[in-house]
Amino acid sequence: MLTGAPRGTKDILPDQVGHWQRIEAVIRQICREYGYAEIRTPVFEHREVFHRGVGETTDIVQKETYDFHDRGNRELTLRPEGTAPVVRALLEHKLYAGPLPVKMYYVGPMFRFGRPQMGRQRQFHQFGIEVFGAAGAGADAEVISLAMDFYRRLGLLDLTLLVNSIGCPVCRPAHRQALCDFFGPRATELCEDCRNRLDRNPLRVLDCKQERCQELSRGAPATVDHLCPACAEHFAAVRELLEAAGVAYTVDPGLVRGLDYYTRTAFEIISRDIGAQASVGGGGRYDHLVETLGGPPVPGIGFGLGLERLVLVMENRGLLAVTAEPARDVFVAMAGDGTGPVAFGLVQALRARGIVVETDCLARSLKAQMKTADRFQAPVVVIIGEAELARGVVTVRLMQTGEQQEVPLAGALEYVGGILNERKKCAG
RNA sequence: GCGGUUGUGGCGAAGUGGUUAACGCACCGGAUUGUGGCUCCGGCACUCGUGGGUUCAAGUCCCAUCAACCGCCCCA
C-alpha cells in the first residue's frame with residue numbers, strides 16, 4: 001500500500017462518525033447545563049508546558065511525548081493531555097482575574113507515543129473539564145458527578161468509580177517517609193521500576209501492577225491514613241457530597257494516577273470490558289499546578305476521559321446502533337436527453353426550501369435510480385423524462401403506494417412541498 | 001520499549017509447495033428495451049501486507065520489514 005495512516009492513528013469513517021457526533025452532542029449539552037464553557041487550545045505547546053506541568057518524572061513526559069523542533073528551532077510538543085494547555089491559556093489570558101470559579105471544557109485529539117493496542121492509540125481524543133479557583137469540596141463533587149452523569153446519559157450505568165486522596169505538600173513528606181520506612185527493608189524484592197519509584201515517588205509503588213509488588217504493598221501505609229487535618233476534612237467533605245448526590249464510589253487507597261500535578265482528590269472510572277485498558281476516565285485536584293506553571297496560587301480540579309475507549313465500551317454493550325444512511329425526503333430521477341438541467345434546477349429549488357433531496361449524477365438507468373431512491377428511503381420520487389420534458393410536466397411517485405401523478409413543472413415545487421408537509425403532519 | 005498471535009479482492013472467509021487462487025456479503029449491470037423488494041443471470045483480484053531468500057515450482061517454507069490484535073508497561 002502506498003499510503004496508510006501512521007501507526008497508532010485511525011480514520012473515523014462516515015459510518016462511525018455518527019457515534020462521535022452523538023457523544024459530542026451529549027458533551028455539549030451536559031457542559032451547558034453544568035455551566036462549563038468550551039475552550040480550544042493548540043494541539044502543540046512549548047515543551048516546557050508539559051515538562052513542568054505534567055511532571056518531569058512521569059512516564060508520559062519521559063517516554064511518550066511527541067517532541068519536535070519547528071523551522072524556527074522552537075522546542076514543541078504535541079499535547080499528551082489537556083490540563084496543562086488549559087492552565088497555560090488561563091495564565092496567558094489571565095482568566096483567573098475574572099469571576100471565579102472559571103469552568104471550562106475541551107474536546108480534541110491528544111498524542112502519546114506508546115505501543116498501540118486495543119483502546120490505546122497514539123492519537124486519541126479526550127473530553128475533559130477543568131475548574132479553577134474553587135478550593136472547596138463542592139468543586140470536587142461537581143466534577144466527579146458531572147463525569148458520572150455523563151456516562152449515565154450515554155447508558156453506562158455500572159462503571160466503577162474509584163476515589164482516593166493523595167494528600168498535599170503538607171502531609172506528603174510524612175507519608176513519603178512512612179512508605180520509605182515500610183518498603184526500604186524489602187526494597188530488593190520490588191521490581192526494578194519500583195526500586196526507582198522508591199526514590200522518586202514512592203507513592204507510585206502502591207499502584208504497581210506486578211504481583212509481587214502488590215503483595216509487598218499489602219499493609220503499606222495508605223495515603224488516607226496520613227492526611228493532614230485539612231486534607232482529611234476535605235476528603236470527608238467530598239465523600240459526604242458524593243453520597244448526598246447518590247454517586248456510588250469505592251475508596252481505593254492504591255489509586256495514585258500517573259500525573260505529578262495531582263493533590264488531594266484523585267479518581268478514576270474503570271470498565272472491565274475493554275481489555276487491559278480498563279480506565280475510561282479519571283481526574284483529580286491540582287491545587288499547585290497553576291503556580292508550577294508560573295501563575296498565582298489558583299486551585300484547580302478536573303477530569304479527562306478517552307473518547308475511543310468510550311466508543312469501545314458502548315459498542316461492546318450495543319449502545320451504539322449502526323448508523324443508517326440518513327434518509328432523503330425526495331429523489332429526483334431523470335431519463336433522457338436534456339433532462340439534466342431541468343432536474344438539477346428542481347433539485348436546487350427543493351433544497352433551497354430545506355428539503356433533503358438526492359439525485360443521480362452517474363447518468364444511470366431509471367431503474368438504477370429507482371433502486372437508489374428506495375435505498376435512501378425517499379418517500380417521494382420526481383421523475384423527469386423526455387416525454388415529461390416535452391409536455392412541461394414531471395411525474396411524482398409516492399414510493400409507499402406506488403401512486404403516480406403528473407404535475408406541471410412550474411407547480412412541482414409546491415406540489416412536492418405539500419406532500420411532504422402532509423406526511424409530516426401524519427407522522428407527528 | 002519487551003513478549004506473543006495474525007496479515008488472502010471493499011468486508012467475511014477457503015486454500016495439505018505444483019494447472020487460469022473457492023465461496024458468501026457488498027457493489028455494478030441485465031431479465032423484450034422509462035420505474036423500487038425478492039428471485040434469476042452476468043460483471044468486478046496480472047494476485048495472496050511489503051521486500052528479500054530457498055526451490056524446477058511458494059499464498060503455502062525461511063528471513064527481514066510494516067501493520068493490527070493480545071499480554072507487560074503506561075494511561076485515555
Side-chain angles (χ1 to χ4, degrees), chain A residues 1-10 13 15 54 58-65 79-83 107-128 147 191-194 196-197 204 207-211 213 255-259 268-271 274-283 303-313 331 333-337 339 360 362-390 394-404:
Chain A
M1 226 199 306
L2 213 80
T3 57
R7 178 152 212 214
T9 67
K10 264 184 184 156
L13 297 174
D15 66 338
V54 176
T58 58
D59 283 334
I60 291 178
V61 164
Q62 283 201 328
K63 45 192 197 195
E64 292 180 0
T65 52
R79 64 179 179 196
E81 57 97 56
T83 301
V107 184
M110 305 292 164
F111 307 85
R112 289 184 203 173
F113 190 89
R115 187 145 183 185
Q117 65 186 72
M118 168 86 85
R120 188 170 68 192
Q121 294 169 205
R122 290 179 176 177
Q123 176 177 167
F124 60 100
H125 297 78
Q126 279 192 341
F127 155 47
C191 71
E192 196 185 324
D193 279 343
C194 284
N196 287 328
R197 287 172 179 143
R204 307 232 57 222
D207 75 347
C208 180
K209 306 299 184 292
Q210 299 277 329
E211 209 173 298
C213 296
L255 177 64
V256 173
R257 300 195 55 76
L259 291 81
E268 194 162 318
I269 296 100
I270 60 176
S271 164
I274 48 173
Q277 314 305 321
S279 174
V280 291
F303 80 74
L305 61 85
L307 265 26
E308 278 81 0
R309 290 186 187 174
L310 190 61
V311 169
L312 278 176
V313 175
F331 189 94
M334 65 198 88
D337 291 338
T339 53
D360 173 73
L362 295 174
R364 292 211 264 216
S365 67
L366 184 59
K367 177 183 184 142
Q369 293 183 63
M370 294 305 290
K371 225 173 183 173
T372 305
D374 189 55
R375 190 155 53 206
F376 286 146
Q377 297 173 57
V380 179
V381 173
V382 179
I383 300 165
I384 303 175
E386 280 177 79
E388 285 90 345
L389 193 62
V394 298
T395 297
V396 177
R397 179 183 179 87
L398 301 181
M399 293 296 271
Q400 277 170 353
T401 60
E403 291 172 74
Q404 293 193 178

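Below, chains carry the letters A, B, ... as their sequence lines are ordered, and counting in each starts from 1. Predicted model only: the values in this text are computed from it and were never measured.
- Between the side chain of A:Q126 and the main chain of A:G128, no donor-acceptor pair closer than 3.5 Å is present.
- Along RNA chain B, the nucleotide nearest to A:L366 and the one nearest to A:E268 differ in position, and the one closer to the 5' end is contacted by A:L366.
- Nearest heavy atoms, A:A333 versus A:V381: CB-CG1, 4.3 Å.
- Going from the C1' atom of B:rG30 to that of B:rU35 covers 15 Å, rounded to whole Å.
- For the C1' atoms, the distance linking B:rU65 with B:rG7 amounts to 13 Å, nearest Å.
- Rounded to whole Å, atom P of B:rG71 lies 8 Å from atom CE of A:M118.
- The ring-ring contact (aromatic ring centres under 6.0 Å, His included) check on A:F331 picks up nothing, with sequence neighbours excluded.
- Within 4.0 Å of A:G281, counting heavy atoms only, lie sugar-phosphate atoms of the nucleic acid but no base atom.
- B:rA76 atom P lies 13 Å from atom CD1 of A:I270, rounded to whole Å.
- Evaluation of atom-type donor-acceptor distances gives a pair under 3.5 Å for the side chain of A:E388 against the base of B:rG34.
- A:A387 comes within 4.0 angstrom of a nucleotide base, judged by non-hydrogen atoms across all strands.
- For the pair A:I269 CD1 and B:rA76 C1', the interatomic distance rounds to 11 Å; values are reported in whole Å.
- The interatomic distance linking A:E308 (CD) with B:rC69 (C1') rounds to 16 Å, in whole Å.
- Rounded to a whole angstrom, the distance from the C1' atom of B:rC70 to that of B:rA22 is 31 Å.
- Residue A:R120 places no side-chain atom within donor-acceptor reach of the base of B:rA76, judged by atom type and a 3.5 Å distance cut-off alone.
- Using a 4.0 Å heavy-atom criterion, one finds that A:L307 contacts no nucleic acid atom at all.
- Pair assignment for B:rU32 gives none, since no Watson-Crick or G-U wobble pairing has each distance under 3.5 Å.
- A:R79 is linked by a side chain to side chain donor-acceptor pair (under 3.5 Å) to A:T41, counting only residues two or more places apart in sequence or in another chain.
- Spacing of P atoms, B:rU16 relative to B:rG49, comes out at 15 Å, to the nearest Å.
- Looking only at distances, no side-chain donor or acceptor of A:Q121 sits under 3.5 Å from a matching main-chain atom of A:P116.
- Taking atom CE of residue A:M110 and atom P of nucleotide B:rA76, one finds them 11 Å apart after rounding to whole Å.
- B:rC25 is paired with B:rG10 under the criterion used here, namely a Watson-Crick or G-U wobble arrangement in which both key atom distances are under 3.5 Å.
- In plain terms, the two heavy atoms of A:R364 and A:T372 that are nearest each other are NH2-OG1, 3.9 Å.
- The salt bridge (Lys or Arg N to Asp or Glu O under 4.0 Å) check on A:K10 picks up nothing, with sequence neighbours excluded.
- Nucleotides B:rU50 and B:rA67 place their P atoms 15 Å apart, quoted to the nearest Å.
- Looking at heavy-atom distances under 4.0 Å, A:Q404 makes contact with a base.
- Rounded to whole angstrom, the span from the CZ atom of A:R364 across to the P atom of B:rC27 amounts to 10 Å.
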**OP:** Apply side chain to side chain donor-acceptor pair (under 3.5 Å) to A:Q404 and A:R397, showing your working.
**Re:** CA-CA 4 Å; A:Q404 293 193 178; A:R397 179 183 179 87; 2.6 Å; yes
Detail all sub-3.5 Å separations between protein N/O atoms and N/O atoms belonging to nucleotides 36-44 of chain B.
unit_1	atom_1	unit_2	atom_2	d
B:rG36	O2'	A:D374	OD2	3.1
B:rG36	N7	A:R397	NH2	2.7
B:rG36	O6	A:R397	NE	3.4
B:rG36	O6	A:R397	NH2	2.8
B:rG36	O6	A:M399	O	3.0
B:rG36	N1	A:M399	O	2.2
B:rG36	N2	A:D374	OD1	3.1
B:rG36	N2	A:M399	O	3.3
B:rG36	N3	A:D374	OD1	3.3

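- Looking at A:R112, its side chain never comes within 3.5 Å of a backbone N or O of A:I60 through a donor-acceptor pair.
- Comparing the C1' positions of B:rC44 and B:rC28 gives a spacing of 8 Å, expressed to the nearest Å.
- Note on A:Q121: every side-chain N or O is 4.0 Å or more away from OP1 and OP2 of B:rA76.
- One P atom belongs to B:rG18, the other to B:rC2, and the distance between them is 37 Å to the nearest Å.
- Phosphate proximity of B:rG34 to A:S365: absent, as no side-chain N or O sits under 4.0 Å from OP1 or OP2.
- We find that CG of A:D15 is positioned 11 Å from C1' of B:rC11, with the value rounded to whole Å.
- When heavy atoms are screened at a 4.0 angstrom cut-off, A:G8 is found touching the sugar-phosphate backbone but no base atom.
- Using Watson-Crick or G-U wobble geometry with both donor-acceptor distances under 3.5 Å, B:rG71 finds its partner in B:rC2.
- Taking atom P on both nucleotides, B:rC41 is separated from B:rU54 by 47 Å, rounded to a whole Å.
- Residue whose closest nucleotide on RNA chain B sits further toward the 5' end, between A:R112 and A:T372: A:T372.
- Under 4.0 angstrom from either OP1 or OP2 of B:rC27 there lies at least one side-chain N or O belonging to A:R375.
- For B:rC66, neither phosphate oxygen OP1 nor OP2 lies less than 4.0 angstrom from any side-chain nitrogen or oxygen of A:R7.
- With rounding to whole Å, A:Q123 atom CD is found 13 Å from B:rA68 atom P.
- Using a 4.5 Å heavy-atom threshold, the side chains of A:L305 and A:V280 count as separate.
- Residues satisfying the salt bridge (Lys or Arg N to Asp or Glu O under 4.0 Å) criterion with A:E388, sequence neighbours excluded, are absent altogether.
- When all heavy atoms are compared, the tightest approach of A:T9 to A:A5 is OG1-CB, 3.3 Å.
- The main-chain N or O of A:S279 is found under 3.5 Å from a side-chain atom of A:R309 such that the two form a donor-acceptor pair.
- Base pairing of B:rU47 is not made with any nucleotide, judged by Watson-Crick or G-U wobble geometry with both donor-acceptor distances under 3.5 Å.
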Give me, pair by pair, the N or O atoms of the protein and of nucleotides 3-8 of chain B that are less than 3.5 Å apart, along with how far apart they are.
none

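- With a cut-off of 3.5 Å on both pairing distances, B:rA76 has no Watson-Crick or G-U wobble partner at all.
- Looking at the side chain of A:R309, the nearest of the listed nucleotides B:rG1, B:rA76, B:rA68 is B:rA76.
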